[in-house]
Amino acid sequence: MAVLDELLRALTSGRISVIDLTAPLTSDVPVLQLPEPFANTIGFSLEEISRFDDRGPAWYWNNIHTGEHTGTHFDAPVHWITGRDGLDVASVPPRQMIGPAAVLDCSAQVAEDPDFLLETEHIREWESAHGPLPEGGWLLVRTGWDARSGDQAEFLNADDSGSHTPGISPDCARWLAEESALIGIGVETVGTDAGMAPTFEPAFPCHSLLLGAGKYGLTQLQNLALLPPTGAVLIAAPLPIVNGSGSPTRVLALIEQD
């Protein structure tokens with residue numbers, strides 16, 4: 001128990017900080033909008049059951065109405081046709097919900113071009129400075145897009161040609177899926193793919209290639225600017241929804257303080 005005791009002392013003393021990477025889950029949280037004829041998820045809402053009244057004099061509680069892929073959420077492999085025989089969200093091993101995180105900052109490029117795509121060469125440059133991506137860990141792509149999360153239109157950034165949000169190129173997604181030792185990727189945008197991903201080959205390459213390889217996705221993260229490039233420990237615990245393709249998720253990061 002010495003290791004756990006030391007962890008608790010570090011948390012209590014502030015030597016380890018806990019950073020919340022989760023967007024508050026309200027009715028205003030942005031949601032993905034697919035074009036016709038495709039069906040869309042519902043947003044998040046609360047339905048009050050009772051609140052210290054004649055429906056329940058001493059208690060307050062609600063029903064919640066939400067899609068699996070609303071707000072900060074977890075994509076399980078079964079979410080995509082390429083992973084249809086893979087794990088549902090309830091089958092994700094608990095050990096895989098905790099792991100190291102690499103944070104790659106491309107916010108400057110995104111400020112210049114909202115359609116910016118992460119390429120393998122960007123990862124190679126990051127690795128030359130910080131070492132290899134963590135085995136069994138996460139790549140978190142910081143774009144600064146969380147600053148737009150309070151407004152659906154700004155967050156989706158769509159026009160007649162489609163949505164213009166940053167993401168990962170098909171070649172890079174293939175490399176992450178097939179060559180890297182990562183367990184998953186995390187992004188600040190509405191989904192793991194770029195806004196223009198329907199036009200890519202393959203379409204939606206992060207969904208198609210990473211979920212097809214049995215890896216995971218985290219979306220609509222916030223506060224990645226508070227994390228170091230290496231050294232953070234990510235905790236992502238989705239609801240164990242049997243046969244679920246994903247789940248709203250509280251995502252936390254542990255970082256050491258100097």
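Numbering of residues begins at 1 and proceeds along the displayed sequence. Because the structure is predicted, anything quoted here is derived from the model rather than measured.
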Verify, without hydrogens or angle tests, whether D105 (side chain) and A225 (backbone) share a donor-acceptor contact under 3.5 angstrom.
no
L104 reachable from L176 in the ILVMFWY side-chain graph, under 4.5 Å edges
yes
Return yes if some donor-acceptor pair links the side-chain N/O of T12 with the main-chain N/O of R9 below 3.5 Å, else return no.
no
For residues L34 and I81: do they belong to one hydrophobic cluster (side chain heavy atoms under 4.5 Å, members Ile, Leu, Val, Met, Phe, Trp, Tyr)?
no
Donor-acceptor check, side chain of H73 to backbone of G71, threshold 3.5 angstrom: yes or no?
yes
Hydrophobic cluster membership, L46 vs W61, 4.5 Å side-chain cutoff:
no
Are V233 and L8 in one and the same hydrophobic cluster, where Ile, Leu, Val, Met, Phe, Trp and Tyr link if side-chain heavy atoms are under 4.5 Å apart?
no
Considering all heavy atoms, the nearest R124-W175 contact:
NH2-NE1, 3.3 Å
Would you say T219 and T72 make side-chain contact, with heavy atoms under 4.5 Å?
no
Using the side-chain contact (heavy atoms from CB on, under 4.5 Å) rule, take C172 and I123 through it: C-alpha gap first, then chi angles, then the decisive distance, then the call.
CA-CA 9 Å; C172 186; I123 296 177; 3.6 Å; yes
Closest heavy-atom pair, L117 versus H122, reported as atoms and distance to 0.1 Å, is O-CE1, 3.7 Å
Shortest non-hydrogen pair, P248 vs L25, comes out as CB-CD2, 4.2 Å
Kindly determine whether T165 and L156 satisfy side-chain contact (heavy atoms from CB on, under 4.5 Å), including the steps that lead there.
CA-CA 7 Å; T165 63; L156 299 184; 5.7 Å; no
Compute whether any side-chain donor of one residue and acceptor of the other, for Q222 and S149, lie under 3.5 angstrom apart.
yes
Does E127 reach the main-chain N or O of L133 with its side chain, forming a donor-acceptor pair under 3.5 Å?
yes
Heavy-atom pair of closest approach, residues P114 and N157
CB-ND2, 3.8 Å
Ion pair check, R15 and E6, cut-off under 4.0 Å
yes
Other cluster members, L218 - Ile/Leu/Val/Met/Phe/Trp/Tyr, side-chain contacts below 4.5 Å
I19, L21, F74, L87, V89, V92, M97, V103, W138, L140, I183, Y216, L221, L224, L226, L227, L234, L239, I241, V251, I255
Does a side-chain heavy-atom distance below 4.5 Å link H130 with T230?
yes
Judged by atom type as modelled, is there a donor-acceptor pair below 3.5 Å linking the side chain of D159 to the main-chain atoms of S161?
yes
Side chains of D88 and S91: is there a donor and an acceptor less than 3.5 Å apart?
yes
Between side-chain atoms of residues 195-213 and protein atoms elsewhere (two or more places apart, or another chain), which donor-acceptor pairs fall under 3.5 Å?
residue: T199; atom: OG1; partner: M196; partner atom: O; Å: 2.7
residue: H207; atom: ND1; partner: T192; partner atom: OG1; Å: 3.4
residue: H207; atom: ND1; partner: D193; partner atom: OD2; Å: 2.6

Are the side chains of W59 and R51 in touch, meaning some heavy atoms are under 4.5 Å apart?
no
Qualifying side chain to side chain donor-acceptor pair (under 3.5 Å) pairs, either residue in residues 234-257, two or more places apart:
S17-Q257, D20-R250, E68-S245, H69-S245
If you take all heavy atoms of V190 and L32, which pair is closest and at what distance?
CG2-N, 3.6 Å
With a 3.5 Å distance limit and no angle check, can you tell me whether K215 reaches the backbone of L182 through a side-chain donor-acceptor pair?
yes
Determine whether more than 12 heavy atoms belonging to other residues, nucleotides or ligands lie under 6.0 Å from atom CD1 of I64.
no
Short side-chain to backbone donor-acceptor contact, Q220 and V187, under 3.5 Å:
no
Closest contact, heavy atoms only, D151 versus A153:
OD1-N, 3.1 Å
Neighbour count above 12 (heavy atom, 6.0 Å) for F38 CZ
no
Around R55, counting heavy atoms of other residues, nucleotides and ligands shown, do more than 12 lie under 6.0 Å from its CZ?
yes
With a cut-off of 6.0 Å (strictly less than), are more than 12 heavy atoms of other residues, nucleotides or ligands near CD of E125?
yes
Within 45° of the ring axis of F155 and under 6.0 Å from its six-membered ring centre, is that where the NZ or CZ of R148 lies?
no
Assess, by modelled atom type and distance only, whether the side chains of E188 and T143 contain a donor and an acceptor separated by less than 3.5 Å.
yes
